[in-house]
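Have a look at the structure below before the remarks.
Only this structure's heavy atoms are used, side chains among them; waters, hydrogens and symmetry mates stay out. Just so you know, ligand 1 is whichever comes first in the structure, and atom 1 is the first atom listed for that ligand.
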Amino acid sequence: MKTYSDFRSDTVTRPTEKMRKAMAEAEVGDDVLGDDPTVQSLETLAAEMTGKEAALFVPSGTMGNSISIKVWTRELDEVIVEERAHLYNMESTHMTFIARVSPRPLPSNRGAMDPEEVERNIRKPSVHIPRTSLICLENTHNNWSGALVPMENLKAIRDIADKHDIKIHFDGARVFNACHASGISIKEYAAIGDSLMFCLSKGLSAPVGSIINGPKDFIEYARRVRKALGGGMRQVGILAAAGIVALTEMVDRLKEDHTRAKRLASAIAEMPGITLNPDHIDTNIIIFDFNHPRYSIPDFLDALKARGVLALATRGGIRFVTHKDIEDEDIDKAVSVFRALLL
Ligand SMILES: Cc1ncc(COP(=O)(O)O)c(C=O)c1O
């Protein structure tokens, strides 16, 4: 029995045995010099899966997003983002720090921005006004409790981007969760974005890494930006090998995480202090408001931890995430701890 059931994030997953073996046996070279065959295999695989011309292995989702925004924009530009987007709220302001463009955050219905409002906020440049050059989309949407953003909404925003000749960057850190929740293919989601970033190191359980997918000239410039940011890596086939296992063997099991998240959400939704609609749990992230007479949020998290359950505070609420290393017994344990503390 493990000491902690760790629901803090799907980034806490340990690599599988197959990943460790693939890493130990990976054929490597100097990737900055273009010599690493395992990185090349991973990038080719990602481009084939997404239907994009090319792909680039980067150390993190944050670097993937920051590079993409840098490549698609120039100074004095503005970027439309959803107001709870991870890349706007939780990536240390790279939009202003690296790309040096300003964000224009818009509200949404659980991650889905109103296409008409997006269009109204597209700005033509003048001496006073920035040019809108990019729209960023996120799906599934982390800070909206892993919400699945409907395809019709994404398509409507794509149409508007095309009408105004604006690019779309798709933060698909958990796009494979979206695929499972909607039954829509990765290629269809990828077609919404001019670029698509996805993470290997979340539910797919690789220890490190994300991939940016896009047109060839975009990826060529992205490679230069990655180097400038210090993200050029040498014998990194060791990490890419785990990424190949993530893409070929770990995608299908994500649906188990969704089932467990739903089960946990349904079991705790009616408990005192918790405001949670289990129908809003589309994938593997549960965020609920917490307001209990006996516990503040930090006190409740401490009480959970003392009983072997780890979770995180977020936006005035609490966040639980299911992933490969959360099994049915972890859900049972969490539910019985909630009962003991709250009922
Ligand atoms: C939606 C989304 N985008 C990007 C990232 C950034 O990924 P990383 O932690 O690898 O930098 C995260 C991380 O949780 C995320 O949830």
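- For Ser60, heavy-atom contacts with ligand 1 shorter than 4.0 Å involve the backbone as well as the side chain.
- Of the options Val208, Asn65, Ile67, a side-chain contact (heavy atoms from CB on, under 4.5 Å) to Val58 is made by Ile67 and by none of the others.
- Distance from atom 3 (N) of ligand 1 to its nearest protein heavy atom, with residue and atom name: Asp171 OD2, 2.7 Å.
- In summary, the side chains of His86 and Glu138 do not present any donor paired with an acceptor at a separation below 3.5 Å, with no hydrogens or angles considered.
- Between Gly61 and ligand 1, at least one pair of N/O atoms sits closer than 3.5 Å.
- For the residue pair Trp72/Ser195, the side-chain donor-acceptor check at 3.5 Å is satisfied.
- Salt-bridge annotation for Arg158 and Asp194: present, with a side-chain N of the basic residue lying under 4.0 Å from a carboxylate O of the acidic one.
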_From CA spacing to verdict: side-chain contact (heavy atoms from CB on, under 4.5 Å), Asp332, Val335_ = CA-CA 5 Å; Asp332 295 339; Val335 172; 5.9 Å; no
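- Proximity annotation for atom 11 (O) of ligand 1: of Val58, Thr62, Val208, Thr62 comes nearest, heavy atoms only.
- Residue-ligand proximity, Asn65 to ligand 1, at heavy-atom distances under 4.0 Å covers atoms 3 (N), 4 (C).
- Judged purely by atom type and a 3.5 angstrom limit, Ser5 has no side-chain atom pairing as donor or acceptor with the backbone of Val309.
- Where the criterion is an N or O separation shorter than 3.5 Å, residue side chain and backbone included, Asn142 meets it with respect to ligand 1.
- Contacts of Arg174 with ligand 1, taken as heavy-atom pairs under 4.0 Å, involve the side chain alone.
- Of the heavy atoms in Glu91, only side-chain atoms (C-beta onward) come closer than 4.0 Å to ligand 1.
- For the residue pair Asp289/Thr275, the side-chain donor-acceptor check at 3.5 Å is not satisfied.
- Residue contacts with ligand 1: Lys202 is included, with a non-hydrogen atom under 4.0 Å away.
- Electrostatic pairing of Glu256 and Arg260 counts as a salt bridge here, judged by a charged N lying under 4.0 Å from a carboxylate O.
- Distances between N or O atoms of Thr11 and those of ligand 1 include no value under 3.5 Å.
- Residue-level proximity to ligand 1 for Glu138 is carried by the side chain, the only part with a heavy atom below 4.0 angstrom.
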